[in-house]
Amino acid sequence: MTDAPSPSQAHPVEDKNARHLAPNGELTIFEAAEFKESLAKLFSNEGLVSLDLSGLTRVDTAAIQLMLAAKKQNRLLVSGIPHDLQAKLAQLGFADSLSE
């Protein structure tokens, strides 16, 4: 028996580029602390940084709050926003906030 994480849990995937973050799976209140740390590490780099959300299967308002706060840094390029996340953002009144 291993302690390997289940595939439904979100894990930040950082490629060789320290300015890129691509979390996978779920990104909810349960993963928020780890995601916040990953964002802080991402923003410790100079210049523009990128966040690829195409690997996410579920996102809640805790994660959305972190992403919107990160976007306010004016250094974040967000790509791969899933349709369900776009719908949630629209419901919350933040329709184009991540993709601007």
Side-chain angles (χ1 to χ4, degrees):
M1 202 165 149
T2 65
D3 291 332
S6 71
S8 66
Q9 293 175 323
H11 295 285
V13 176
E14 298 173 43
D15 62 17
K16 294 177 184 176
N17 181 353
R19 294 181 181 174
H20 180 74
L21 180 65
N24 290 308
E26 294 184 353
L27 196 49
T28 66
I29 188 72
F30 302 107
E31 296 83 24
E34 182 182 356
F35 182 55
K36 183 178 178 182
E37 288 177 24
S38 296
L39 286 172
K41 184 177 177 183
L42 185 69
F43 278 101
S44 70
N45 295 290
E46 295 291 323
L48 291 175
V49 294
S50 65
L51 179 63
D52 179 358
L53 303 178
S54 62
L56 294 179
T57 58
R58 182 173 173 222
V59 180
D60 73 1
T61 54
I64 290 170
Q65 182 180 11
L66 289 170
M67 287 185 264
L68 291 173
K71 186 67 177 174
K72 287 183 179 181
Q73 298 291 320
N74 293 322
R75 299 178 36 216
L76 180 65
L77 299 173
V78 181
S79 64
I81 303 172
H83 179 70
D84 62 329
L85 176 54
Q86 290 175 346
K88 280 184 183 177
L89 288 167
Q91 284 179 323
L92 295 169
F94 298 106
D96 296 321
S97 298
L98 287 180
S99 59
E100 293 176 343

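For the numbers below, each heavy atom of this structure counts, side chains included, while hydrogens, waters and symmetry mates do not. Please read these numbers as outputs of a predicted model, since none were measured by experiment.
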**Study point:** Straight-line distance of Leu85 CG to Phe94 CZ, nearest 0.5 Å
**Key:** 12.0 Å

Review point. Side chains of Leu98 and Met67: does their closest heavy-atom pair fall under 4.5 Å?
Key: yes

Review point. Out of curiosity, does Ile29 fall in the hydrophobic cluster containing Leu53 (side-chain heavy atoms, cut-off under 4.5 Å, transitive links)?
Key: no

Check your understanding: Is Arg75 atom CZ crowded by more than 12 heavy atoms from other residues, nucleotides or ligands, each under 6.0 Å away?
Key -> yes

Study note, to complete from the structure: When every non-hydrogen atom of Ala63 is compared with those of Phe35, the smallest separation belongs to O-CE2, 4.2 Å

Point to revise | Residue pair Arg19 / Asn45: nearest heavy atoms and the distance that separates them | key: CG-CB, 3.9 Å

Check your understanding: Does one hydrophobic cluster hold both Leu68 and Leu48, with members joined at side-chain heavy-atom distances below 4.5 Å?
Key -> no

Practice item. Spell out, yes or no, whether Leu21 and Leu77 are grouped together once hydrophobic residues are joined by side-chain heavy atoms under 4.5 Å, including indirect joins. Key: no

**Study point:** Contact summary for Ser50 and Leu42, nearest pair of heavy atoms
**Key:** O-CD2, 3.9 Å

**Study point:** Lys88 side, atom NZ; Thr61 side, atom OG1 - distance, nearest 0.5 Å
**Key:** 8.0 Å

Review point. How many angstroms lie between atom CD of Glu31 and atom CG of Leu66, to the nearest 0.5 angstrom?
Key: 11.5 Å

Check your understanding: In Å and rounded to the nearest 0.5 Å, what is the CG to OG distance from Leu39 to Ser44?
Key -> 11.0 Å

Point to revise | Separation of Leu51 CG from Leu56 CG (nearest 0.5 Å) | key: 8.0 Å

Review point. Would you say the side-chain atoms of Asp84 pair up with the backbone N or O of Ala87, donor to acceptor, closer than 3.5 Å?
Key: no

Check your understanding: Would you say Gln73 has more than 12 foreign heavy atoms packed within less than 6.0 Å of its CD?
Key -> yes

Review point. Do you know which two heavy atoms are closest between Leu76 and Lys71, and how far apart they sit?
Key: O-NZ, 2.9 Å

